[in-house]
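One structure below.
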Amino acid sequence: MTFIIAIDGPAAAGKGTLARRIAETYGFHHLDTGLTYRATARALLEAGLPLDDEAVAERVARAVDLAGLDRSVLEQHHIGEAASKIAVMPAVRRALVEAQRSFSARAPGTVLDGRDIGTVVCPDAPVKLYVTASPQVRARRRHDEVLAGGGNADYETILADVKKRDERDMGRADSPLKPAADAHLLDTSEMSIEAAFQAAKTIIDAALNRN
Ligand code: CDP
């Protein structure tokens with residue numbers, strides 16, 4: 001049987017780094033589901049198609065190839081913004097969730113991270129983590145990342161963006177961001193990546209022993 005680890009949380013909470021590290025440690029396949037929304041948004045933008053036509057966006061979502069997802073070409077800010085706009089459309093979500101579910105069944109195990117993995121995509125996952133941190137800490141991390149990459153950015157602008165994104169992700173009617181009832185909460189506001197990983201590992205090892 002495939003072992004599924006579901007990781008959810010808001011923008012810049014550190015779930016991507018954590019998910020990659022967990023997948024590497026256990027030899028599991030990893031899918032960053034945010035990239036599926038980003039790839040759909042990018043394809044629409046590139047083709048000059050509207051971001052507010054659900055039927056068009058659904059068609060594009062169905063053509064997304066999970067094997068070709070690459071964060072480096074999808075990470076631009078405007079693609080993230082467009083992604084969170086098309087992510088409110090139920091038909092787009094249905095198309096991408098189908099693809100994500102078939103990915104989740106790969107042997108011997110999978111790690112999926114996103115906003116609705118524990119609640120909608122893989123509600124039966126034996127391990128669910130909800131990774132969060134205060135908006136200020138998340139904005140600070142984003143800001144540091146941009147500076148480290150040689151770019152320049154204003155902390156207050158990033159903080160406003162983080163809050164706007166939270167509102168959109170938590171406030172949408174279809175699959176809003178929220179912890180599953182049986183998720184383990186990991187608040188990384190005052191936790192290093194290493195400490196968060198160790199906490200996650202303890203939870204995962206206990207569940208693997210039960211299975
Ligand atoms: O990296 P960042 O936190 O900016 O976002 P992402 O994980 O790349 O996802 C981009 C957008 O896709 C998010 O703002 C969500 O609105 C949406 N998304 C979603 O609705 N459901 C998921 N499972 C993953 C992402």
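Reckoned from all heavy atoms, side chains included, excluding hydrogens, waters and symmetry mates. Order of appearance sets the numbers: ligands from 1, and atoms from 1 within every ligand.
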Specify the protein heavy atom at minimum distance from [atom]: its residue, its atom name, and the distance to 0.1 Å.
atom	value
atom 9 (O) of ligand 1	G34 CA, 3.6 Å
atom 8 (O) of ligand 1	R38 NE, 2.5 Å
atom 17 (C) of ligand 1	A87 CB, 3.8 Å
atom 15 (C) of ligand 1	D169 OD1, 3.3 Å
atom 21 (N) of ligand 1	R93 NH2, 3.1 Å
atom 18 (N) of ligand 1	Y37 CD1, 3.6 Å
atom 13 (C) of ligand 1	R115 NH2, 3.4 Å
atom 24 (C) of ligand 1	T33 OG1, 3.5 Å

Side chain to side chain contact (heavy atoms under 4.5 Å, CB included) partner of I204, the single match among I22, N209, T25
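Considering I22, N209, T25, a side chain to side chain contact (heavy atoms under 4.5 Å, CB included) with I204 is found only for I22.
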Among V92, V56, V60, L96, the one residue meeting side chain to side chain contact (heavy atoms under 4.5 Å, CB included) with I86
V92
Indicate, as side chain, backbone, both or neither, the part of M170 found under 4.0 angstrom from ligand 1 when only non-hydrogen atoms are considered.
neither
Taking all heavy atoms of A57 and all of L44, pick out the closest pair and write down the distance.
CB-CD1, 4.0 Å
Output the list of atoms in ligand 1 that are nearer than 4.0 Å to some heavy atom of [X], sorted by atom number.
X	answer
R165	2 (P), 4 (O), 5 (O), 10 (C), 13 (C), 14 (O)
G114	23 (N), 24 (C)
S84	14 (O), 16 (O)
A12	3 (O)

For ligand 1 and R172, I'd like to know whether there is a polar contact (N/O to N/O, distance under 3.5 Å).
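Between R172 and ligand 1 (N or O atoms, distance only) the closest approach is under 3.5 Å.
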Does ligand 1 have any atom that is closer than 4.0 Å to a heavy atom of [X]?
X	answer
R71	yes
H77	no
R168	no

Of R38, K15, R71, the residue whose pairing with D32 passes salt bridge (Lys or Arg N to Asp or Glu O under 4.0 Å)
R71
With a cut-off of 6.0 Å (strictly less than), are more than 12 heavy atoms of other residues, nucleotides or ligands near CG of N152?
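Incorrect, the count does not exceed 12.
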Check this for me: E194, atom CD, are more than 12 non-hydrogen atoms of other residues, nucleotides or ligands nearer than 6.0 Å?
yes
Working to the nearest 0.5 angstrom, can you tell me the gap between L177 CG and R172 CZ?
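Output value for this atom pair is 7.5 Å.
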With no hydrogens and no angle check, just 3.5 Å: does a side-chain donor-acceptor pair link R141 and T17?
no
Sequence neighbours left out, what pairs pass salt bridge (Lys or Arg N to Asp or Glu O under 4.0 Å) with at least one residue falling in residues 50-59?
E58-R62
With a 4.0 Å cut-off on N to O distance, would you call D161 and R165 a salt bridge?
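Between R165 and D161 there is no salt bridge, as every charged N stays at least 4.0 Å from the carboxylate O atoms.
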In short, ring-ring contact (aromatic ring centres under 6.0 Å, His included) pairs touching residues 12-60 with sequence neighbours left out are Y26-F28
